[in-house]
Amino acid sequence: MSSNTQPNKKGLLIVISGPSGVGKGTVLKEYLTERADSVYYSVSATTRNPRPGEQNGVHYHFVTVSEFEKLIEQDGVLEYAKYSGNYYGTPKAPVEKALNEGRDVILEIEVQGAQKVLEKMPEAVSVFVMPPSMTELKRRLVDRNTEDEQTVKRRLDAAVDEMKKAHDYDYIVINDTVDSALCQLRTVIAAAKTTAKKQKDFIDEVILNA
Ligand code: 5GP
């Protein structure tokens, strides 16, 4: 039986956080390529400007502040947060739809949003991606070359604050190399799918048919 055919009906909600520049996106892209049919990656809405190469509807839904505030008013987001002066939020309907269809859902969100999701949906599994060191994180942020010096400094300060919250997550993945991080992520998700809590309905069903 593959890890995606465990007999529970609802998909697994996977909340992933980690400081900007840690390389979550690269690891997730690989994971999603492997599991294209069974995993839904939630595309967030944001009021920040697109970076070079980012496409509307693929990387984010790029919206104006008033469009975002309307989404909040209409209860259209599962959670939202302000980060680095911009709004970021998870559109609610597609997440619920995918979970109900039995697909796993990945939310790549920052720590405040993650906390809100876990309060609402405690059955979710939370994963924090750490850099191997602070020096390496700085190197990755500078090499990305998409932000000015002041923004890089602001993001590094934010990274330290975010990493202090890593203690609250269920699992830590260290992104030293993409391959090792991917391997850790696969293991973590497979483990989360097989907890007794997640398999409660299955256990009860087997006992009921005894
Ligand atoms: P970036 O601007 O680098 O794409 O993202 C900045 C931070 O916002 C990252 O930590 C990213 O995970 C987080 N983020 C992206 N989408 C969402 C969202 O829908 N909600 C929340 N709370 N954070 C998000």
Side-chain angles (χ1 to χ4, degrees), residues 13-29 31-32 40-65 67-72 74-99 105-121 124-131 137-166 168-169 171-173 175 181 185:
L13 182 61
I14 304 151
V15 180
I16 302 190
S17 304
S20 179
V22 75
K24 306 179 288 275
T26 314
V27 178
L28 285 177
K29 203 170 153 197
Y31 183 77
L32 290 163
Y40 169 71
Y41 175 83
S42 163
V43 180
S44 298
T46 184
T47 57
R48 85 148 160 76
N49 292 325
R51 296 193 186 115
E54 283 184 333
Q55 286 168 268
N56 192 24
V58 176
H59 300 92
Y60 281 104
H61 300 290
F62 294 101
V63 298
T64 62
V65 172
E67 283 169 333
F68 197 99
E69 287 172 347
K70 205 164 157 193
L71 211 58
I72 300 171
Q74 293 170 343
D75 195 26
V77 284
L78 186 61
E79 61 71 38
Y80 71 93
K82 252 197 169 168
Y83 181 92
S84 267
N86 291 300
Y87 277 126
Y88 292 83
T90 305
K92 197 183 200 170
V95 170
E96 288 176 347
K97 181 172 180 284
L99 287 175
V105 172
I106 292 186
L107 306 185
E108 182 190 340
I109 62 179
E110 53 67 66
V111 293
Q112 307 162 65
Q115 203 175 342
K116 286 186 219 158
V117 171
L118 291 161
E119 279 163 18
K120 278 192 191 168
M121 301 168 93
V125 61
S126 59
V127 181
F128 194 92
V129 184
M130 288 284 293
L137 181 67
K138 187 172 181 187
R139 192 189 64 74
R140 288 179 194 174
L141 265 178
V142 170
D143 283 2
R144 190 160 77 178
N145 218 8
T146 52
E147 269 104 5
D148 56 39
E149 207 177 307
Q150 204 192 344
T151 309
V152 169
K153 192 188 172 310
R154 213 169 52 210
R155 291 204 171 216
L156 277 173
D157 290 344
V160 175
D161 287 339
E162 282 175 280
M163 288 190 287
K164 288 180 186 163
K165 298 270 168 34
D168 300 335
Y169 284 68
Y171 294 98
I172 300 299
V173 163
N175 189 12
L185 184 65

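It should be emphasised that the depicted structure is a prediction, and the values quoted were computed from it without experimental measurement. What you see below is based on every heavy atom in this structure, not just the backbone, and it leaves out hydrogens, waters and symmetry mates. We count ligands from 1, going down the list as the structure has it; atoms in each ligand are counted the same way.
- For V77 against K120, the heavy-atom pair with the smallest separation is O-NZ, 4.4 Å.
- Counting the atoms of ligand 1 from 1 in the order shown, those under 4.0 Å from a heavy atom of G89 are 18 (C), 19 (O), 20 (N).
- The aromatic rings of Y87 and Y80 lie perpendicular to each other, with more than 60° between the two planes, well past the 30° mark.
- For S17 and E110, the side-chain atoms include no donor-acceptor pair closer than 3.5 Å.
- With a 4.5 Å cut-off on side-chain heavy atoms, H59 and V43 do not count as touching.
- Taking a cut-off of under 4.0 Å to the non-hydrogen atoms of S44, the atoms of ligand 1 that pass are 16 (N), 17 (C), 18 (C), 19 (O).
- Both the backbone and the side chain of Y88 come within contact range of ligand 1, each with a heavy atom under 4.0 Å.
- For atom 20 (N) of ligand 1, the closest heavy atom belonging to the protein is E79 OE2, 2.8 Å.
- Using a 4.0 Å cut-off to heavy atoms of A81, the atoms of ligand 1 that qualify are 22 (N).
- When the heavy-atom distances from atom 24 (C) of ligand 1 to T90, V22, I109, L78 are ranked, the shortest goes to I109.
- Annotation for K92: atom NZ counts as buried by contact number, over 12 foreign heavy atoms lying within 6.0 Å.
- Residue, atom and distance of the protein heavy atom nearest to atom 9 (C) of ligand 1 are K24 NZ, 4.1 Å.
- Scanning E110, R51, R48 for the heavy atom closest to atom 23 (N) of ligand 1 points to E110.
- Closest to atom 5 (O) of ligand 1, if we only count protein heavy atoms, is Y60 OH, 3.3 Å.
- Dense packing is recorded around NZ of K116, with more than 12 heavy atoms of other residues, nucleotides or ligands lying under 6.0 Å away.
- The nearest non-hydrogen atom to atom 14 (N) of ligand 1, considering only E108, H59, R155, H61, comes from E108.
- Numbered from 1 in the order shown, with element, the atoms of ligand 1 that lie under 4.0 Å from a heavy atom of Y83 read 6 (C), 7 (C).
- Every residue two or more places apart in sequence or in another chain was checked for a salt bridge (charged side-chain N to carboxylate O under 4.0 Å, His left out) with K29, and none qualifies.
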Donor-acceptor pairs are to be reported for all side-chain atoms of residues 157-164 against protein atoms at under 3.5 Å, with residues two or more places apart or in another chain.
residue, atom, partner, partner atom, Å
D157, OD2, K153, NZ, 3.0
E162, OE1, Y83, OH, 3.3

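- Considering backbone and side-chain atoms alike, A45 places every N or O at 3.5 Å or more from each N or O of ligand 1.
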